[in-house]
Amino acid sequence: MSTTEKIIGIMGAIPEEINGVIALLQHQEKTVIGQRTYYTGTINNQKVVVVYSRIGKVAAATTVSTLLLRFNIDELIFTGVAGAIHPDLRVGDIVVGTSLVQHDMNAFPLFPIHEIPLLGISAFLADEAAVKKAEAAIDHLLDQQHLHQLISKEELMAFGIEHPKRYSGLIASGDQFFHQHQQKVNLQHHLGDVLCVEMEGAAVAQVCYEFGVPFTVIRTISDEANESSTIDFQRFIQKVSSCYSIEVIQQLIPMKKAL
Ligand code: SAH
């Protein structure tokens, strides 16, 4: 086997986000480091490492550092759920992050709000080619005929999902679960064009940026980031977003010839 073979890291924050992807692994092996379980193996003959980081920026940053330093990944794909911030977004839509900001980074007046101290950057840009690939995979998934083969119409309707759409743009991350309208208002005030909010993406983006490794963050909208979020979170992830993740990962990792 060639030692220069590319390795792709696949991350989620919670087990439900990646259990389906782990089930795709062939030649699966487990390694436990720092309270995380890293599953190595292949998907479509491509070497991958799959892990869930637990929730929040520190958990995500340490996990992606381990993926980079211990597993030598060449590329990172994050798949998970997020709360909607932009008023057009609905539960079941999927967002590809073209740029990611840590909304709770504020070292003002030493540095401008959101700028990472001593890095001089406030928004981490995703790799353009990786974004295009993710967009194509998501558009394929959300094609109505294809989608209904994966998830029944009834199941989608149970979550009020009719015509889910793909959006690409700014994702905000921070160590807060948004459950009050006022949190959204504040975020929109500081970051007008933000699509959705979650708790890991921009931390993963910072570490990947610092190591010069391309990253893709893909988030399914699971809630509206306010008090009125009435969906059954666990069921939504199991029945909808994990199906999305499995399908998108399979699309993003095309079958390679066996070595
Ligand atoms: N399964 C957990 C819920 C976790 S929700 C439970 O039932 O207790 C938090 C996770 O989903 C985080 O990893 C975050 O990235 C994402 N997320 C989803 N909606 C969010 C919101 N409204 N605000 C912040 N993060 C959100």
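Each ligand, and each atom within it, is numbered from 1 in the order the structure gives. We number each residue from 1, following the sequence as shown.
For Ile237, no heavy-atom contact with ligand 1 is shorter than 4.0 Å. When non-hydrogen atoms are compared, ligand 1 lies under 4.0 Å from the backbone of Ala82 (N, CA, C, O) but not from its side chain. Neither the backbone nor the side chain of Glu17 comes within contact range of ligand 1; no heavy atom lies under 4.0 Å. The side chain of Gln234, and not its backbone, has at least one atom closer than 4.0 Å to an atom of ligand 1 (non-hydrogen atoms only; side chain from C-beta on).
In this structure, atom 11 (O) of ligand 1 has a protein heavy-atom contact shorter than 4.0 Å.
A salt bridge between Lys165 and Asp88 is absent, with no side-chain N of the basic residue lying under 4.0 Å from a carboxylate O of the acidic one. A salt bridge between Arg166 and Asp139 is present, with a side-chain N of the basic residue lying under 4.0 Å from a carboxylate O of the acidic one.
If you check which protein heavy atom lies closest to atom 15 (O) of ligand 1, you get Glu200 OE1, 2.7 Å.
Between Glu198 and ligand 1, no pair of N/O atoms sits closer than 3.5 Å. Polar contact check, Met199 against ligand 1: a nitrogen or oxygen pair lies under 3.5 Å apart.
Within the listing of ligand 1, atoms 21 (C), 22 (N), 23 (N), 24 (C) sit less than 4.0 angstrom from a heavy atom of Phe178.
Within 6.0 Å of the NE2 atom in His181, the count of heavy atoms belonging to other residues, nucleotides or ligands does not exceed 12.
The shortest side-chain heavy-atom distance between Phe111 and Ile116 does not fall under the 4.5 Å cut-off.
For the 3.5 Å distance criterion, the side chains of Gln145 and Gln149 fail to qualify, holding no donor opposite an acceptor.
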